[in-house]
Each structure stands twice: as C-alpha cells, then as structure tokens.
A.B. asks: 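Quick one: this structure, given as structure tokens, is what I'll be asking you about.
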Amino acid sequence: DFEIVKSYIFNHYRETRFGFISNRVNSFSIELKDAVLFNKDYPNLEAYAVVAYKNFSEQLIEVENRFFKFNRRGFRSLTEALVWIKDSLS
C-alpha cells in the first residue's frame, strides 16, 4: 500500500536526501496522475531508478519520466541501478 510506504519514507528519511529503486520484475507502469503527488510528497528524493527487464517496460519508463521533476532513470540490472543511486547521493 502506497500510504504505508509513504509513512515509512517520511519516518525514516524526514529531511534527508534519499534514493529509490523500483525493481519491475513484472511489467507494469505507474498511474501518471500520481506523479504530481510523488513530486510534492518527496521533495528530498534525489534519485529514482527503475529496473526494467523488457523493452516495453523501458518505453513506459521514458513516458513516465516526463511527469517527474526529480532525477529518474531506467536500468536493465539491479546492480547498475544501485551504483547509480549511490553515485547520485554522494
């Protein structure tokens, strides 16, 4: 549930910069209307990595990226995403 994750992020990070990895093992996309809420609710989100394993998922990420204000990028492996998140936060 999004509210549980939102509560965890707020309680754990508060004002601290943080990164987020979405590991999309199954193909899906986010609700684009939620991008506005995401931008508002997480001003300290420094980097958002999306790991996609299918070409179609990569195309969805490109569309989704247009609706977010923070640094967001797609990857083919979890390892690459983790390295990028760490670099973005250093």
Side-chain angles (χ1 to χ4, degrees):
D1 181 64
F2 186 74
E3 288 301 316
I4 293 170
V5 173
K6 181 178 170 180
S7 174
Y8 175 79
I9 289 171
F10 178 77
N11 290 328
H12 187 73
Y13 292 103
R14 300 212 184 261
E15 303 298 321
T16 306
R17 295 169 46 236
F18 71 98
F20 183 88
I21 298 175
S22 174
N23 188 22
R24 295 191 182 174
V25 176
N26 298 311
S27 183
F28 70 92
S29 67
I30 62 158
E31 294 285 335
L32 293 177
K33 63 181 175 53
D34 291 341
V36 174
L37 298 173
F38 218 90
N39 292 327
K40 179 180 151 258
D41 289 343
Y42 304 112
N44 52 330
L45 177 57
E46 193 70 24
Y48 185 135
V50 181
V51 182
Y53 301 94
K54 298 178 181 173
N55 289 337
F56 180 72
S57 294
E58 288 177 336
Q59 293 169 348
L60 286 174
I61 293 166
E62 288 179 27
V63 171
E64 292 171 1
N65 283 347
R66 296 181 185 151
F67 295 87
F68 289 93
K69 294 181 181 176
F70 45 80
N71 196 11
R72 193 168 183 272
R73 207 168 135 191
F75 296 91
R76 280 288 198 163
S77 81
L78 199 50
T79 302
E80 290 173 333
L82 186 57
V83 167
W84 180 75
I85 290 285
K86 287 180 178 181
D87 288 347
S88 295
L89 294 174
S90 61

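Numbers here are sequence positions counted from 1.
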A.B. asks: If every non-hydrogen atom of Arg76 is compared with every non-hydrogen atom of Glu80, which pair is closest and at what distance?
C.D. replies: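 Nearest pair, atom of Arg76 first, then Glu80: N-OE1, 3.6 Å.
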
A.B. asks: Would you check if the side chain of Ser90 reaches a backbone N or O of Asp87 as a donor-acceptor pair within less than 3.5 Å?
C.D. replies: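 The answer is yes, because a donor-acceptor pair under 3.5 Å joins these two groups.
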
A.B. asks: Grouping I, L, V, M, F, W and Y whenever their side-chain heavy atoms are under 4.5 Å apart, do Leu89 and Leu82 come out in a common cluster?
C.D. replies: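 Yes, same cluster.
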
A.B. asks: With a 3.5 Å distance limit and no angle check, can you tell me whether Arg17 reaches the backbone of Ser88 through a side-chain donor-acceptor pair?
C.D. replies: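 Looks like yes, one N/O pair under 3.5 Å.
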
A.B. asks: In terms of hydrophobic clusters joined by side-chain contacts under 4.5 Å, are Val83 and Tyr53 together?
C.D. replies: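 No, no single cluster joins them.
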
A.B. asks: Nearest 0.5 Å, please: how far is CZ in Arg73 from CD1 in Ile85?
C.D. replies: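 So the CD1 of Ile85 and the CZ of Arg73 are separated by 10.5 Å.
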
A.B. asks: Considering all heavy atoms of both residues, which atom of Val51 and which atom of Ala81 are nearest to each other, and what is their separation?
C.D. replies: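 Where Val51 meets Ala81 most closely, the heavy atoms are CG2-CB, 3.6 Å.
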
A.B. asks: Please round to the nearest 0.5 Å and tell me the distance separating atom OH of Tyr42 and atom OH of Tyr13.
C.D. replies: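 The OH atom of Tyr42 sits 11.5 Å away from the OH atom of Tyr13.
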
A.B. asks: Measuring from Leu45:CG to Asn71:CG, what's the distance to the nearest 0.5 Å?
C.D. replies: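 So the gap between those two atoms works out to 9.0 Å.
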
A.B. asks: Let me confirm one number: the CD1-CH2 distance from Ile21 to Trp84, rounded to the nearest 0.5 Å.
C.D. replies: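 Spacing of CD1 (Ile21) from CH2 (Trp84) equals 9.0 Å.
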
A.B. asks: Donor-acceptor pair, distance only, cut-off 3.5 Å: does the side chain of Asn44 make one with the backbone of Arg14?
C.D. replies: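 Confirmed, Asn44 side chain pairs with Arg14 backbone.
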
A.B. asks: Report yes if the side chains of Val50 and Arg72 come closer than 4.5 Å at any heavy-atom pair, otherwise no.
C.D. replies: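 A side-chain contact exists here, since the closest heavy-atom pair is under 4.5 Å.
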
